[in-house]
Amino acid sequence: MTTALVTGIDGALAGLVAGVLATQPHMRVIGVGRAAPECALADVDVRVCDMRGDTLLALMRAVPVDVVAHLDLAGEEWPVSREAAGRGNVYRTIEVLGACQAAGVPRVVLRSSLMVYGARPDRPAFVAESAPLSSGEPAGLLQDYVEIERVAADFSARHSSMRLTILRCAGIAGGQIGSPLARFLMRRPAPMIAGFDPRIQVVHAYDAAVAIALAVLNDRVDGPLNIAADPPLLLSQAIHFAGGSALPLPALAFSAAPLFEPLSTLVGELPFPVDYLRYACVGDTRRAVRELQWETQHSPEETVRELAA
Amino acid sequence: MTDQHDPAAEDAAETSAAHEQSGDTPHAVQAKPKRARRARPAAPAAPVEVSAVVPAENHAGEVAAAPNVAVPSEVTPAAMAEVAVEIPIETAAPMPETPAAAADHVAALRAETAAAVQELEVEIRNHTAGPDETRTMAAEVLRLIRENLERLRPPALDNVVAALRQNVLNSDYLDPDFWRGIGMVLQYQVTELTALVQRRLRGEFAIDSYGMDAELIELVRPFAGFLYRSWWRVTAEGLDGVPGDGPALLLANHSGVLPWDSAMIATAVLEEHPSARLVRTLHVPWLAMVPGAAPALAAFGQVQALPENAARLLDEGQLVCVFPEGAQGAGKLFWNRYRLTGFEAGEYIRLALRVGAPIIPVAVVGAEEIYPMIANARPIAQLLNLPYFPLTPLFPWLGLLGMVPLPSKWSIVFDAPIDTGAYGADAADNPDVIARINEQVRLRIQELLDEYTAERRSVFFGR
């Protein structure tokens with residue numbers, strides 16, 4: 001009997017992951033979150049708590065847990081203002097990792113973003129997991145992910161007994177689950193930089209949930225894994241498939257946007273630094289396919305088309 | 001009345017190329033409705049009058065292939081009611097039995113129709129009556145149609161072939177119906193082109209995982225072919241050394257300011273190699289920072305020159321072309337022409353050794369003269385963030401006209417491949433072996449350049 005703890009059970013993706021895990025034999029799934037999920041999850045032991053480190057530690061001491069999937073991230077499924085979010089995602093991850101270490105949990109699965117590599121002109125067409133992370137100026141949720149990655153790397157260096165699997169997921173779309181990238185693609189019009197059309201990667205929410213569940217079930221993998229559907233789409237294609245229209249603006253408009261009111265409404269708030277509209281940040285997914293035996297069921301095109309429906 | 005056909009033609013054009021395999025192709029070819037308003041007066045045999053059932057069926061066949069297209073089928077017979085449809089018995093084409101034969105049949109029909117159009121073109125040119133200009137113009141229109149037959153996609157091709165055979169090939173060209181038919185064919189071509197542009201604007205085109213757009217390559221192929229055959233009259237040698245499949249590394253000298261040499265190497269392999277392989281050329285990464293350049297380069301199958309990209313391409317068994325001189329080679333001044341500068345391909349040679357891919361030295365002769373670069377305007381280059389800013393006898397003085405490359409005579413020599421397998425398994429980790437291969441390739445390319453530049457009698461003439 002294996003016991004898995006899924007955090008952030010009030011989120012739709014965590015609910016999917018818990019649901020997939022609960023279908024497995026010899027699997028006990030506990031879901032913790034600050035609120036109960038909207039729809040009842042069969043065979044999942046849902047606990048509502050304040051998600052603080054000592055609360056989780058008390059829970060993990062009471063019930064021995066074999067693996068933790070930390071999916072409690074603010075700003076992914078619902079937009080959260082930066083002021084409200086603060087550095088909460090990073091602090092919560094530190095607390096969860098600390099509690100797991102104190103309770104002697106051998107494995108933790110974390111969620112990160114494929115965009116942590118940064119968009120640069122000298123990035124390989126497919127970035128492998130071993131590549132260095134972005135040292136540029138990531139903002140918003142992406143900054144949280146980069147910091148979570150640093151915390152995780154630091155943590156696993158100091159606690160070699162614990163295995164950390166980090167799933168770097170491409171922008172999630174489809175399955176009625178929101179993500180910063182999906183919200184960007186659905187903007188009408190979605191701004192682009194004239195003369196640039198980078199390739200982007202997406203992954204269907206169901207495929208992402210299966211990948212996370214596979215990582216929870218598989219006790220041989222560890223380290224970072226890129227999770228995305230192949231082949232990549234062009235940004236302009238993705239915007240069209242999402243039912244919107246692309247608005248190519250000169251690069252100057254993006255740097256001048258904070259100064260002029262009409263421009264800033266047109267450019268809006270981007271879920272990533274402007275460079276991601278210029279250069280591709282595409283991950284090499286061969287490791288996930290090989291080591292997790294993960295296969296996508298949804299092509300990138302149909303994934304993005306679900307946004308239009 | 002051609003308007004009634006247009007939605008179907010457009011819709012059919014949107015369906016994939018797999019349509020070619022579907023069973024409706026023989027159907028459309030077989031029916032061949034005469035789409036003229038009146039019965040043709042010069043019909044040799046008694047035309048069989050049938051109702052509009054035949055075109056309706058034809059439509060149904062096309063619609064069935066595109067399930068998401070809602071064309072109300074009952075509209076078609078009503079709209080077609082006044083049209084007298086005739087099937088000339090004497091030209092009924094043999095019907096292919098199986099759908100698998102349909103593709104061959106389309107190709108055969110295309111060739112046959114092209115030959116018939118050409119015959120007609122020759123006949124018009126040899127005709128003595130009428131003013132000379134009219135005849136030339138008519139013949140040119142036919143030539144245009146014939147050349148475009150190759151480019152059309154199967155659904156539209158069916159319509160064009162049907163219209164050609166009905167209205168053009170069966171009637172006298174002094175008959176007004178003939179010219180009506182020509183107009184119809186031209187209209188199909190325009191429809192096909194508009195449909196293509198609209199489809200691409202909707203994002204409905206496939207790219208491979210590196211961003212290569214095969215459809216766009218097909219579109220520019222005639223232009224590249226023109227440059228290759230007529231403008232630079234390229235002679236390619238040693239193409240039989242390029243493997244038909246599996247990985248291979250082409251190492252070439254770089255010249256000519258703009259990367260026309262890479263385009264011509266790719267064209268040579270695509271047009272003259274029996275396997276018609278696509279060459280994946282590596283370009284300097286900073287080109288990705290130039291607005292407009294990055295999407296275009298990616299669409300034509302170019303990838304940034306990074307060892308990771310080359311490794312992945314070679315692993316996939318692709319044909320990779322590298323210019324080890326980089327921008328330094330392309331931007332060399334005219335008096336340094338055909339002198340290799342900074343030929344450093346060690347990283348790529350190492351990857352080829354690791355995969356066991358043959359290394360093929362390539363010498364391009366003629367590209368140095370397309371833009372004779374007299375000076376490099378460094379301040380302007382720095383201002384525009386470019387590696388060099390060429391001053392040639394024509395550029396920038398003549399503006400855009402100065403960007404037209406001079407029509408020098410080119411030779412592209414693919415040297416005998418170097419078998420990397422012979423160096424053993426651990427050669428990839430041996431910097432000495434890598435340096436030796438690099439030197440060998442550099443000397444060989446320089447030798448070929450010297451040989452071919454000494455041999456040619458003129459920079460611009462020759463064929």
Side-chain angles (χ1 to χ4, degrees), chain A residues 117 119-132 185 190 192-201 228-246 248-254 275 277-286 299-301 304-305 308, chain B residues 16 68 197-216 280-316 318 320 326-327 347-348 351 384-387:
Chain A
Y117 301 112
R120 291 162 48 114
D122 54 355
R123 278 271 173 257
F126 293 89
V127 186
E129 283 87 351
S130 56
L185 292 178
M192 285 176 67
I193 299 184
F196 294 93
D197 195 0
R199 296 169 305 140
I200 63 157
Q201 275 176 316
D230 278 325
L233 295 170
L234 291 179
L235 179 61
S236 61
Q237 278 186 314
I239 291 170
H240 282 291
F241 292 158
S245 56
L249 297 170
L252 198 65
F254 288 84
D275 270 350
L277 293 178
R278 223 184 243 130
Y279 312 119
C281 176
V282 169
D284 181 350
T285 58
R286 288 182 292 188
S299 77
E301 183 178 338
V304 180
R305 279 197 194 279
Chain B
S16 68
N68 54 344
V197 170
Q198 284 172 345
R199 193 163 47 77
R200 292 192 63 89
L201 284 179
R202 283 198 303 270
E204 286 167 14
F205 53 92
I207 56 163
D208 81 341
S209 48
Y210 298 91
M212 184 177 80
D213 186 342
E215 192 178 68
L216 206 62
R280 313 298 300 241
T281 309
L282 304 189
H283 66 79
V284 282
W286 62 260
L287 265 178
M289 303 198 290
V290 180
L297 288 170
F300 292 130
Q302 304 222 353
V303 180
Q304 279 143 302
L306 299 167
E308 294 94 332
N309 289 346
R312 191 177 169 111
L313 286 166
L314 288 172
D315 278 341
E316 288 174 5
Q318 307 249 31
V320 180
E347 193 59 43
Y348 300 99
L351 294 169
L384 297 175
N385 211 353
L386 296 172

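Values reported hereafter were calculated over all heavy atoms of this structure, with side chains retained and with hydrogens, waters and symmetry mates removed. Chain naming here is simple, since letters A, B, ... match the order of the sequence lines and numbering starts at 1 in each.
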task: May I have the step-by-step check of side chain to side chain contact (heavy atoms under 4.5 Å, CB included) for B/Q304 and B/Y210, ending in yes or no?
output: CA-CA 10 Å; B/Q304 279 143 302; B/Y210 298 91; over 6 Å; no
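- When heavy atoms are compared at a cutoff of 4.5 Å, A/R199 approaches chain B solely by way of its side chain, counted from C-beta outward.
- When heavy atoms are compared at a cutoff of 4.5 Å, A/F241 approaches chain B solely by way of its side chain, counted from C-beta outward.
- A distance of 12.5 Å separates CD1 in B/I207 from CD in B/E215, rounded to the nearest 0.5 Å.
- For a residue to count as touching a neighbouring chain, one of its non-hydrogen atoms must lie under 4.5 Å from one of that chain's; by this rule A/D230 does not touch chain B.
- Only the backbone of B/V290 comes within less than 4.5 Å of a heavy atom in chain A; its side chain stays farther off.
- The choice from B/P295, B/A294, B/G211, B/A293 that makes the most heavy-atom pairs within less than 4.5 Å of chain A is B/P295.
- Proximity to chain A (any heavy atom under 4.5 Å) is shown, for B/L287, by neither the backbone nor the side chain.
- If you measure heavy-atom distances from A/I193 to chain B, you find no contacts under 4.5 Å at all.
- Residue A/F126 touches chain B through both its backbone and its side chain, counting heavy-atom pairs closer than 4.5 Å.
- Of the listed residues A/Q237, A/R286, A/R278, the one with more heavy-atom pairs under 4.5 angstrom with chain B than any other is A/Q237.
- Salt-bridge annotation for B/R280 and B/E316: absent, with no side-chain N of the basic residue lying under 4.0 Å from a carboxylate O of the acidic one.
- Separation of atoms CD (B/Q302) and CG (B/N309) is listed at 12.0 Å; rounding is to 0.5 Å.
- Between B/F205 atom CZ and B/R200 atom CZ the span is 5.0 Å, to the nearest 0.5 Å.
- Interface check for chain B: of the options A/V127, A/D284, A/I239, the most heavy-atom pairs under 4.5 Å are formed by A/D284.
- The greatest number of non-hydrogen atom pairs below 4.5 Å with chain A, out of B/S209, B/A288, B/G292, is found for B/S209.
- Within a 6.0 Å radius of CG in B/L384, other residues, nucleotides and ligands contribute more than 12 heavy atoms.
- Note on B/E308 versus B/R312: no salt bridge recorded, every NZ/NE/NH1/NH2 to OD/OE distance being 4.0 Å or above.
- Proximity to chain B is limited to the backbone of A/A194, based on heavy atoms less than 4.5 angstrom apart.
- Across all non-hydrogen atoms, the minimal contact from A/P121 to A/Y279 is CD-CE1, 3.5 Å.
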